[in-house]
**Q** 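Quick one: structure below, then a few questions.
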Amino acid sequence: MFRSLTIEDCLSLNREDLAAESAKEIEKMEPVLKSFITVCKDHEFRSGEFAGIPIAVKDNITTKGVKTTCASKILENYVPPYNATVVEKLLLHGFTVVGKTNLDEFAMGSSTERSAFFPTRNPWDPTRVPGGSSGGSAAAVAGGEVVAALGSDTGGSVRQPASLCGVVGFKPTYGLVSRYGLIAFASSLDQIGPITKSVRDAAILMSVISGKDAMDSTTVDKNIDFLKDMENGISGMKFAVPKEVYDYEQLDSGVAVLFDEALKLAEKLGAKIRKVRIPSMKYAVAVYYVIAPAEASSNLARYDGVKYGLRVEEKGLKDMYKRTRREGFGEEVRRRIMLGTFTLSAAYYEAYFNKAQKVRRVLSSELDSVLTENDAILTPTSPITAFKLGEVKDPLTYYLMDIFTAPANLAGLPAISVPYGFSNDLPVGLQIMSRRFHDAKVLRIARSFEKNSPYNSNGRIRLPVVKA
Amino acid sequence: MKTVIGLEIHVQLLTETKAFCSCSANVFEKAPNTMICPVCTGQPGALPTVNKMMIEYAVRTALALNCEIHRFSRFDRKNYFYPDLPKGYQITQYFYPIATNGCLELDVGKERKKVRIRRLHIEEDAGKLMHEGDAITKAHHTLVDMNRCGVPLIEIVTEPDLTSPREARRFLEKLRSILRYLRVSSGDMEKGALRCDANISVVDEKGFSSNRVEVKNMNSFKFVEKALQFEQNRIIQALKSGSNVEKETRGWDLTSKTTVSMRGKEEESDYRYFPEPDIPPVVISDEYIEKIKESLPELPDQKKDRFTRDYGIPELDAEVLTSTRELADFYEECVKIKPKPKEISNWIMTELLREMKNSESEAVPISPRHLVELIELVEAGSVSIKMAKEMFPEIFATKKMPRQIVEERGLKQVNDKDVIEKIIKQAMEQNPKAVRQYRSGKKGVLGYFVGAVMKQTQGMANPQLVNEIARKLLEG
Ligand SMILES: [Zn+2]
């Protein structure tokens, strides 16, 4: 059955028809899920190890000749002249890119409701959001439209929707995956990562997309074997659990119960759990919402109506700029651009941007020191499960959802969300975070939870049954 | 009254590729928007990568300008909106420039003056706007050419150490000479490879300083001097009348030959500088700096000192001869073949440089052999100095060897004593009065007989020989 296929499952199948089967599922599911902004019609069957395996790509990753919109009106008709490095790598290994998935505009959001075009639905309950910003990718994978997908994670945008949709979402160490062709939101935080139906698939995709890229000077040369120790378990490992998790008032009680269950399972599997304090963690969201909008305000300056994308004609240059950007960007994007413009301005640079950079370094070193004594830090991925569309209106409530995920971006650490149980029939994710370049360890720990979770069957995660 | 001038100079680097992408950096007069790629046009998702040659050129220049090279420097973003700036920000070095605290020595009269350099940093160029119509205000639309986007620049900022428009010009000329020695830039102001903005103010006798005026749009050395002269006078007039000039930016206007206000009282822009997250810091090792230091060519000042010392030529000669690396090399080659340093210098300073100027040639088109052969012909008495000078333009233009020209033109000097004697004797017979005058002491009459020989030989007789023979015959 196509809907539950993993990349590994596909390897032993005849793959000629997989893209067509994916297309069939997409046609059936899209009226409900709305995962895709663009569905690619003509697929070339490429040779390679993963020939013909259908994969979806978030619509903020450039695809040559295929519209790449960032779910924004300002790029509604933008057709990139080049492929992102990760797309090149996917194609080179034979994958078939079947479509471009929905997101919060420019990846700014946690629900995919901020798409300028339409919201995506959660396959577990279509009245609820899939999370965000990679909500389209997570929904497409959980809903069985594709075998796997790529997302991008700036403050949790791969992990949080993976958690809310009950699939695996991995944010690699900053610098492992090329950002060339990832339309920048916050350059020092952005990282492309896989969303899959198994931890092993995430590792497989990492071997495909990672590596030093001459086109992205922030990438590093590290030869990591993501699969080698995958099945070796966690016996003897030490896990740190920040006490700050329990201080957090908005933590859903169902999520808290499952998190404690997961910790007990870890102990049963031979790991040690230690409660630690990470004092700066409580500033992570504040720091994140200074740095990310600052970088965004600069990254989004190029959408000015001059070269490509939307232009609203006006007499005079200044008015053309103003109207194009007012009409081209949604409310949340405009809010962040204004926020970032403010914190970078000469009068406030020291008080906001520079201070945030300092706190970022303090948080980084606190995480580092915890991680030199422990193999990983465990937290829930999201403090809450999927909420109803339109339920959350206040931007601050949104921002606070990044509390557990943003630290990994600020410190450049690898982190994964792996499904661990259900609260009120909605999936809950467990986040595992480790030291820079210990990505293989993160995957190995995640695999252990996946294999041994009582909510999975035979080590495979449960997938929803969507009524089309 | 004391004039205070500081310069901000942008230098286009002669790297093969642009600052942050692999497009060719040689974009001069290329068809619009043909030298571009996703990176330099700011396509969504494109990222910059640092051109290593650009770093090397910047370090070379900084070392030649006696700067402190920083082991750690960084790129920053300067944010502003303009259609020639596709990313909406310029990548530059604001917080941690690659080099600071340099100086360039300038000969002022007999003294060598130090002009301090505050900083030297790397940045990218912007594109070009082409306004449809005569003036920006009347243009119906504007076209953008992005070829120049991302061409590497270094910005050099001096301290306000220059005290006259002339000095400012001399500084720029010297800087250009160094840039050309280093082969890091063409230094061509007319083509925009060297651009200069100046800050000028005047302090009066009581120590009252005028407001500072920024002057732009000076795209030649001459205009830099003219514009600053104009501005200097304007400020002095204002001070004398007890007022002051506006603190503003003014541009040199070619037609009116004045400076005109460009922006008026606009509040200072906030460029919202912050570290460029797409580029890791530039870390330079001591070994790297040493390696570049060793590869630096001898610079104009060092060469000049060596020329006066080793060749015993006057300082002025040495200065002119070392004005370009090519000319200096040419001179040294000549001297190597023919150790007559002053004579060779004279030929270069007068004949060669005149021809180069007339033909607007930047390079030396003839070989050292040409000049040496010509000098040797004179020495051997085969041609006169006068003839040699007459021949020079032809040698310069055709690159024919001097001997060949002598043969072709039949220019060979008359050295035949019998021929000369015969002509003089003829003249003595025809004009016995002149002979008598000479013998009675009017030695000036000698010229008449010399002239007769020159007339007969069409100026090709060896003048020394003619004088000698005429004197001998006349004195009997
Ligand atoms: Zn380019």
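Order of the sequence lines sets the chain letters (A, B, ...), proteins ahead of strands, with each chain counted from 1.
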**Q** Specify the closest pair of heavy atoms between A/Ser298 and B/Phe274, including all atoms of both residues, with the distance to one decimal.
**A**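 Nearest heavy atoms, A/Ser298 then B/Phe274: CB-CE2, 3.4 Å.
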
**Q** Give a yes or no on whether the backbone of B/Gln43 and the side-chain of A/Arg302 come within a donor-acceptor separation of less than 3.5 Å.
**A**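 Side chain of A/Arg302 to backbone of B/Gln43: a pair is present.
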
**Q** Chain A heavy atoms under 4.5 Å from B/Ser22: which part of the residue, side chain, backbone, both or neither?
**A** neither

**Q** By a 4.5 Å heavy-atom criterion (distance strictly below it), what part of B/Tyr273 contacts chain A: side chain, backbone, both, or neither?
**A** backbone

**Q** Heavy atoms, side chains only, cut-off 4.5 Å: are B/Arg77 and A/Ser187 in contact?
**A** yes

**Q** Which bit of B/Asn79 comes within less than 4.5 Å of chain A, counting heavy atoms only: side chain, backbone, both or neither?
**A** side chain

**Q** Grab the two heavy atoms, one from A/Tyr308 and one from B/Thr41, that are nearest each other, plus how far apart they are.
**A** CE2-O, 4.3 Å

**Q** When the ring centroid of B/Tyr271 is compared with that of A/Tyr349, is the distance short of 6.0 Å?
**A**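 Ring centroids of B/Tyr271 and A/Tyr349 are no less than 6.0 Å from each other.
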
**Q** Where on A/Tyr174 is there a heavy atom nearer than 4.5 Å to chain B: the side chain, the backbone, both, or neither?
**A**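 For A/Tyr174, side-chain heavy atoms alone lie under 4.5 Å from chain B.
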
**Q** Would a distance-only check, ignoring hydrogens and angles, find a side-chain to backbone donor-acceptor pair under 3.5 Å from B/Asp270 to A/Ala346?
**A** yes

**Q** Quick check: does any side chain N or O of B/Lys87 sit under 3.5 Å from a backbone N or O of A/Ala301, one acting as donor and the other as acceptor?
**A**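 No, because the side chain of B/Lys87 does not come within donor-acceptor range (under 3.5 Å) of the backbone of A/Ala301.
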
**Q** Do you know which two heavy atoms are closest between B/Arg272 and A/Thr341, and how far apart they sit?
**A** CD-O, 3.5 Å

**Q** Looking at chain B, which one of A/Ile61, A/Leu317, A/Asn354 has the largest number of heavy-atom pairs inside 4.5 Å, strictly under?
**A**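 That would be A/Leu317.
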
**Q** Considering all heavy atoms of both residues, which atom of A/Phe353 and which atom of B/Pro275 are nearest to each other, and what is their separation?
**A**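 The answer is CE2-CD, 3.9 Å.
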
**Q** Which heavy atom of B/Leu47 sits nearest to which heavy atom of A/Met215, and what is that distance?
**A**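 Closest heavy-atom pair between B/Leu47 and A/Met215: CB-O, 3.6 Å.
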
**Q** Looking only at heavy atoms, what is the nearest atom pair of B/Pro38 and A/Tyr180, with distance?
**A** CB-OH, 4.0 Å

